[in-house]
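The structure appears below as structure tokens.
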There are 2 protein chains.
Amino acid sequence: MSKEEPDTAANGADAPSWREQAVARSLDSARTRAENRVQRFLDAALELMAEGDRKDFTVQEVVERSGQSLRSFYQYFGGKHELLLGLFEESVRTTTAQLAKRIDSKGGEEPVDRLHTFVVEYYKMCQPPRKGKGREALPSPILVRFALQLLTAHPAESSRAFVPLVSLFDELLLAAIDAGAIRSDLNRQAVTGPVLQVIMFNTFSSAIVDGADDLSAQDGAEALWDVVVNGLGA
Amino acid sequence: MSKEEPDTAANGADAPSWREQAVARSLDSARTRAENRVQRFLDAALELMAEGDRKDFTVQEVVERSGQSLRSFYQYFGGKHELLLGLFEESVRTTTAQLAKRIDSKGGEEPVDRLHTFVVEYYKMCQPPRKGKGREALPSPILVRFALQLLTAHPAESSRAFVPLVSLFDELLLAAIDAGAIRSDLNRQAVTGPVLQVIMFNTFSSAIVDGADDLSAQDGAEALWDVVVNGLGA
DNA sequence: CGAATCACGAGAACTTGATTATCGTCCGTC
DNA sequence: GACGGACGATAATCAAGTTCTCGTGATTCG
């Protein structure tokens, strides 16, 4: 890759303004084609974990399912972890959008109510699907599983992926503080992580304590909210 | 050449004389011999993760280090996960004992103080080793990593392994409730998991939020305690 | 037009790590 | 002194990720 102009080839991702229009044509086709291919891999992976209670998938499976080749896969992704990261980012975006929507519709007037809705709804989304009802395509626990892998293996990347969710939470938190419902002496940065983490990985809590599973998702969520807001203290 | 006598070569580093003496000499029944072998595998694994910042080890390494054979390994362990489970159980026991000791010495008069000590000290133990000081053999973050693997892959076994820690926490919690410092309307079962989990996996919190690392272990621990006890509410 | 290039599919090959199988030896027992 | 079990050494197998090689159709460029 040494014989082309430095204008188009060097950037694959961000850098929106540039002089896109000028080279829109040639670049556009190449880019959309690439994006399309990437998306096909992502979709295939999503499909794989949606079906069955697949806890994991292999690169091979993704490749086959996507109708593309291993070669292409490694051309577009640096490795499986990049695919995971892609899935995860997308999942966080989706989840956050859905949360925002639910909060706008169900969240009450008060900022605390909106925060409450965030906690309860996010809790539910991270819960493993209860036996009985077929959910929509909500691969939430899968997301959680990946979150773990990514958080341990690639903390920096995952924190980038978490940004939308963290931002939403932070907005709600700030609003609730301004409204006087939440302590104003909090270090928001320092509090956001633990709160999101305790919700997201709530599944583990039950596993740690063994027989602590007897709450419905709704009750568990409300109980957690209670503790988060009021604390353990008398 | 790896055919030394098993008495001296197995333990190189620190001085967990453990049960070697007993075994080496008098009792040599089949059971103690077996336990000795199992223990050598465990020690070897512990050793491996103590040295370097090894995040993981292979079965081969453990086998070599322990001076035993692959065959024996699979004779005594159903697989790597059983070794992990063994390590984890032992680690929880050790950690719990150490916690109990610290609480007895540093914990104050009041039950809340003892609970406070639990939270703060356990927090520190689960923290990745700060650069600067050479710690004793406290493979805590490694423990945490394993906890994750086990919690996701073998929830039942891990909850069994957690029993000592959970019991200790529950005792302290109950005492604090009786003393009137902690809400009496709590479902202890339902609260223990989240609290332990948020302490143990605190590392993730920083990774989720990105730039939330600027607290010392002590400050982070106190901040978390504050939130746990007082909650977010105004 | 023809050659170079490229993107891509098909699939083999390589790598690491777990797990299993084979073989031979040592050691205590009968 | 033979037998059987425990054990070490080592090879074989299996799975999954990753890389490599070849071939082909399309595009480009001289």
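Protein chains get the first letters and strands the later ones, always in sequence-line order, with residue 1 at the start of each. Note that these values count all heavy atoms, side chains included, but never hydrogens, waters or copies made by symmetry.
Between Thr58(A) and dA15(D), a side-chain N or O to OP1/OP2 separation shorter than 4.0 Å is absent. For Tyr74(B), a side-chain nitrogen or oxygen approaches OP1 or OP2 of dT19(C) to under 4.0 Å. An OP1 or OP2 oxygen of dC7(D) is reached within less than 4.0 angstrom by no side-chain nitrogen or oxygen of Gln68(B). Checking the phosphate oxygens (OP1, OP2) of dC8(C), a side-chain nitrogen or oxygen of Gln75(A) falls inside 4.0 Å. Listed pair Arg37(A) / dG9(C) meets the phosphate criterion, a side-chain N or O lying under 4.0 Å from OP1 or OP2.
Each of Gln60(A) and Ser72(A) lies near DNA chain C, and the nucleotide nearest Ser72(A) is the one positioned closer to the 5' end.
Within 4.0 Å of Tyr76(A), counting heavy atoms only, lie sugar-phosphate atoms of the nucleic acid but no base atom. The residue Phe73(A) sits apart from the nucleic acid: no heavy atom pair falls under 4.0 Å.
From Leu87(B), atom CG reaches atom CD of Glu82(B) across 12.0 Å, with rounding to the nearest 0.5 Å. Summarising the geometry, atom CZ belonging to Phe88(A) is positioned 8.5 Å from atom OG1 belonging to Thr95(A); distances are rounded to the nearest 0.5 Å.
Rounded to whole angstrom, the span from the CD atom of Glu35(B) across to the C1' atom of dA6(D) amounts to 17 Å. Here the C1' atom of nucleotide dA16(D) and the CG atom of Asp56(A) are 10 Å apart, to the nearest Å. Separating the CZ atom of Arg33(A) from the P atom of dA26(D) is a distance of 13 Å, rounded to the nearest angstrom. When the P atom of dG17(C) is taken as reference, atom CZ of Phe57(B) falls 13 Å away, rounded to whole Å. Distance Lys55(A) NZ to dA16(D) P: 13 Å, rounded to the nearest Å. Whole-Å rounding puts the Arg71(B) CZ to dG24(C) P distance at 14 Å.
For the pair Glu90(B) (side chain) and Gly86(B) (backbone), a donor-acceptor distance under 3.5 Å is absent.
In this structure, Lys80(B) fails the cation-pi test against Phe73(B), since its NZ or CZ atom is not both closer than 6.0 Å to the six-membered ring centre and inside 45 degrees of the ring normal.
Among the nucleotides dA9(D), dG9(C), dA11(D), the one closest to the side chain of Leu70(B) is dA11(D). Comparing atom distances between the Val59(A) side chain and each of dT18(D), dA10(C), dA6(D) picks out dT18(D) as nearest.
A side-chain contact (heavy atoms from CB on, under 4.5 Å) with Arg65(B) is found for one member of Asp43(B), Leu46(B), Leu48(B) and no other, namely Leu48(B).
Side-chain contact between Leu42(B) and Val38(B): present, with at least one pair of heavy atoms (C-beta onward) separated by less than 4.5 Å.
Of all the residues in residues 79-90 of chain A, Gly79(A), Lys80(A) reach under 4.0 Å from DNA chain D with at least one non-hydrogen atom.
Ion pairing between Arg40(B) and Glu35(B) fails under the 4.0 Å rule for side-chain N and carboxylate O.
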